[in-house]
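Here the structure comes first, spelled out in structure tokens, and everything after it is commentary.
Counting from 1, the numbers follow the sequence of the chain as shown. Not measured: the values here are computed from a predicted model.
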Amino acid sequence: MSSARRFRNFATVVYPDSVNTPDDWLSILSDFKTPVLVSPFHDQDINPTGEAKKSHYHVLIMFEGMKSQDQVKELFDQIGGVGLETVNSIRGYARYLCHLDNPDKHQYSPSD
């Protein structure tokens, strides 16, 4: 992971039943004092093979200033985040949190 490139918006996945995910991960996330979007609990996703995916949350964190991927990885590690991706479109990713633009996937309620 290169720290040379910097971005403002990042996403990760949190598996609440993982040993790396603290029980209070949402509180820790809140303590970052940075705007975030957390998906509804994804417990209805299906792999292309037809098997259920492991239940998870998607997390989008939006910084006012630019951050390196290494800086954000340190934060995501605190909440048990798996993976790190940069996000170019907050609106597009927010819609992805509920699969609004993918009718073939389970539709989660934006109110959740």
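One distance of note links CG of Asn9 with OH of Tyr93; it measures 11.0 Å at 0.5 Å rounding. Considering CD1 of Ile46 and NE2 of His106, their distance stands at 9.5 Å, rounded to 0.5 Å. Within the model, atoms NZ of Lys67 and CD of Glu74 stand 10.5 Å from one another, a figure rounded to the nearest 0.5 Å. Atom CG of Leu29 is separated from atom OG1 of Thr34 by 8.5 Å, given to the nearest 0.5 angstrom. In this structure, the separation between CD on Gln69 and CG on Leu84 is 5.5 Å, given to the nearest 0.5 Å. Interatomic distance, Gln107 CD to Leu100 CG, rounded to the nearest 0.5 Å: 6.0 Å.
Of all heavy-atom pairs spanning Leu37 and Ala94, the tightest one is CD1-CB, 3.8 Å. Residues Cys98 and Pro110 approach most closely at SG-CA, 3.6 Å, considering heavy atoms. Pro16 approaches Ser55 most closely through the heavy-atom pair CD-O, 3.9 Å. Residues Ile28 and Pro22 share a closest heavy-atom pair of CD1-CG, 3.7 Å. Scanning both residues, His99 and Lys105, for their nearest heavy atoms gives ND1-CB, 3.4 Å. Among all heavy-atom pairs drawn from His56 and Val13, the shortest one is CB-CG1, 3.6 Å.
Linking ILVMFWY side-chain heavy atoms closer than 4.5 Å, directly or via other members, places Val14 and Ile61 in a single hydrophobic cluster. Leu97 and Phe41 fall into different hydrophobic clusters, where Ile, Leu, Val, Met, Phe, Trp and Tyr residues are linked whenever their side-chain heavy atoms come under 4.5 Å apart, directly or through other members.
Side-chain atoms of Tyr108 come within 3.5 Å of backbone atoms of Asp43 as a donor-acceptor pair (strictly under, hydrogens ignored). Distance alone, capped at 3.5 Å, is enough to place a donor-acceptor pair between the Arg6 side chain and the Met66 backbone.
A heavy-atom distance below 4.5 Å is found between the side chains of Leu60 and Val87. When side chains are defined from C-beta on, Val72 does not count as touching Ser68, because their heavy atoms never get closer than 4.5 Å. Annotation: side chain of Thr21 is not in contact with side chain of Ile79 (no heavy-atom distance under 4.5 Å). Here the side chains of Asp17 and Lys54 are in contact, with some heavy-atom distance below 4.5 Å. With a 4.5 Å cut-off on side-chain heavy atoms, Ile90 and Met62 count as touching. Trp25 has its side chain within reach of Val59: a pair of non-hydrogen atoms, C-beta onward, lies under 4.5 Å apart. Between Phe76 and Phe10 there is a side-chain heavy-atom pair separated by less than 4.5 Å. At least one side-chain heavy atom of Val82 sits under 4.5 Å from a side-chain heavy atom of Tyr15.
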Are Asp31 and Lys33 close enough, and set up right, to give a side-chain contact (heavy atoms from CB on, under 4.5 Å), and what steps lead you there?
CA-CA 5 Å; Asp31 288 346; Lys33 305 294 187 235; 4.2 Å; yes

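Taking the ring centroids of His58 and His42, they lie under the 6.0 Å cut-off.
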